[in-house]
> 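Pasting a structure below so you can have a look.
Lettering of chains follows the sequences in order, A, B, ..., and the numbering in each one begins at 1. Any value given below was found using the heavy atoms of this structure, including those in side chains, with hydrogens, waters and symmetry copies removed. No experiment lies behind these values; they were computed from the predicted model shown.
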Protein chains: 2
Amino acid sequence: MSMDAVFRALADPTRRQLLDSLHIRNGQTLNALCAEMDMTRQAVTKHLAILEEANLVTTIRKGREKEHYLNPVPINEIADRWIGKFERGRLNALGDLKKRLERED
Amino acid sequence: MSMDAVFRALADPTRRQLLDSLHIRNGQTLNALCAEMDMTRQAVTKHLAILEEANLVTTIRKGREKEHYLNPVPINEIADRWIGKFERGRLNALGDLKKRLERED
DNA sequence: TTGACATGCAACCAAATGGTTGCATATTAA
DNA sequence: TTAATATGCAACCATTTGGTTGCATGTCAA
């Protein structure tokens, strides 16, 4: 669950597409995911392995099929712990919201 | 300014370290940045070129020196347009804030 | 039971990546 | 002017990456 693994996993467009696909329909089997990708099943398998390594995807074996589930936690962690540092407008806007709430309370 | 270039630029720990360094002290020269990195100047130059390509770093030539400035905009765009899709708790919390504000107004 | 189907494993390959060294160019300062 | 300093360019190299093909294994259904 190293942050580096997450960044490297997200670097490839095919893997981001796989995450998108799981975001739309969670729990897809390997075959279902392959149907959308323009490459061999083995290539997709490798990409999914990298996503699993980064803990972005979890799998459950159901009989002869393997279901894939999206885990958004590492993405959230990156957003909070790393990207947050570089944000300006967005964080300021949230800070303004909080200040207004504090006055409200 | 393609999103893919930004993701690939962020995939390398050395490049994230360079962004960190510029976040701490903006406008550093190439030599200053190299001093912190455990590799040759030419290697750092290549990393900075990739960051420039992704529009994460902007440079200004000052005489024989080259100053490097962090541009957080692409990181914000990734946070807004891509990571936001996968966020759960964080976005919900922000949504709650907004709803409370709407009641307030 | 046997054939079809879903997945796993491994070898192989081309291209990209991250680094090096060597030398060239441009600017500042003595 | 000349020497030191800051950066640029290019060739080269090892390793990683993203993909392939071929075959093996496991499970469901007829």
Side-chain angles (χ1 to χ4, degrees), chain A residues 2-22 25-71 74, chain B residues 1-22 25-71 74 78:
Chain A
S2 91
M3 203 165 66
D4 190 62
V6 181
F7 272 112
R8 275 193 286 106
L10 294 180
D12 186 89
T14 300
R15 291 193 285 271
R16 293 198 302 277
Q17 191 183 338
L18 285 168
L19 293 180
D20 279 339
S21 178
L22 288 178
R25 191 156 48 94
N26 213 5
Q28 291 182 69
T29 68
L30 175 59
N31 253 1
L33 288 169
C34 288
E36 311 175 34
M37 305 294 158
D38 197 22
M39 61 186 66
T40 62
R41 173 179 55 85
Q42 287 81 353
V44 176
T45 301
K46 284 191 185 179
H47 284 299
L48 287 170
I50 291 173
L51 288 171
E52 267 197 88
E53 181 92 5
N55 201 28
L56 285 161
V57 163
T58 306
T59 62
I60 297 177
R61 192 64 188 256
K62 284 268 180 70
R64 65 178 162 180
E65 296 187 339
K66 194 180 184 181
E67 295 177 346
H68 296 75
Y69 293 91
L70 175 65
N71 177 22
Chain B
M1 70 204 245
S2 93
M3 203 165 67
D4 190 62
V6 180
F7 271 113
R8 275 192 286 105
L10 295 179
D12 186 89
T14 300
R15 290 194 286 270
R16 293 198 302 277
Q17 191 183 340
L18 285 167
L19 293 180
D20 278 339
S21 178
L22 288 178
R25 190 157 50 95
N26 213 5
Q28 291 182 70
T29 67
L30 175 59
N31 253 2
L33 289 169
C34 288
E36 311 175 33
M37 304 295 158
D38 197 22
M39 63 186 66
T40 61
R41 172 179 55 84
Q42 288 81 353
V44 176
T45 301
K46 285 189 184 180
H47 284 299
L48 287 170
I50 292 172
L51 289 171
E52 266 196 89
E53 181 92 4
N55 201 30
L56 284 161
V57 163
T58 306
T59 62
I60 299 178
R61 193 64 190 254
K62 285 265 181 70
R64 66 177 163 182
E65 296 188 337
K66 194 180 184 183
E67 295 178 346
H68 296 75
Y69 292 91
L70 175 65
N71 177 22
I78 280 190

> Go through the structure and list residues passing side chain to side chain donor-acceptor pair (under 3.5 Å) with A:Glu52, not counting sequence neighbours.
A:Thr59
> Which atoms of nucleotides 26-30 of chain C (N or O only) lie under 3.5 Å from a protein N or O atom, and what are those distances?
residue	atom	partner	partner atom	Å
C:dT27	O2	B:Arg64	NH1	3.3

> So, using salt bridge (Lys or Arg N to Asp or Glu O under 4.0 Å) as the criterion, who are the partners of B:Glu36 when residues are at least two apart?
none
> Could you tell me which non-hydrogen atom of B:Gly27 sits nearest to which non-hydrogen atom of B:Tyr69, and how far apart they are?
CA-CE2, 3.4 Å
> In chain order, what residues pass the side chain to side chain contact (heavy atoms under 4.5 Å, CB included) check against A:Ala43, with sequence neighbours excluded?
A:Met39, A:Thr40
> Just the rounded figure in Å: distance from C1' of C:dA6 to NE2 of A:His68.
11 Å
> Please determine whether a side-chain nitrogen or oxygen atom of A:Asn31 lies at a distance below 4.0 Å from atom OP1 or OP2 of C:dC5.
no
> What integer distance in Å separates B:Leu33:CG from D:dG8:C1'?
16 Å
> In whole angstrom, what separates B:Leu48's CG from D:dT7's P?
10 Å
> List the residues meeting salt bridge (Lys or Arg N to Asp or Glu O under 4.0 Å) with B:Glu65, not counting sequence neighbours, and say none if there are none.
none
> Pairs in or reaching into residues 5-19 of chain A: which pass salt bridge (charged side-chain N to carboxylate O under 4.0 Å, His left out), with residues at least two apart or in two chains?
A:Asp4-A:Arg8, A:Arg16-B:Asp4
> In whole angstroms, how far is the P atom of D:dT7 from the CD atom of B:Glu52?
13 Å
> Along nucleotides 14-22 of chain C, 5' to 3', which nucleotides get a B, which get an S, and which get a -, given that the test is a protein heavy-atom distance under 4.0 Å?
---SSBBBB
> Test of understanding: with salt bridge (Lys or Arg N to Asp or Glu O under 4.0 Å), list the residues that count as partners of A:Lys46, not counting sequence neighbours.
none
> Does anything in residues 25-35 of chain B form a side-chain hydrogen bond (donor to acceptor under 3.5 Å, both in side chains)? List the pairs, not counting sequence neighbours.
B:Ser21-B:Gln28, B:Arg25-B:Gln28
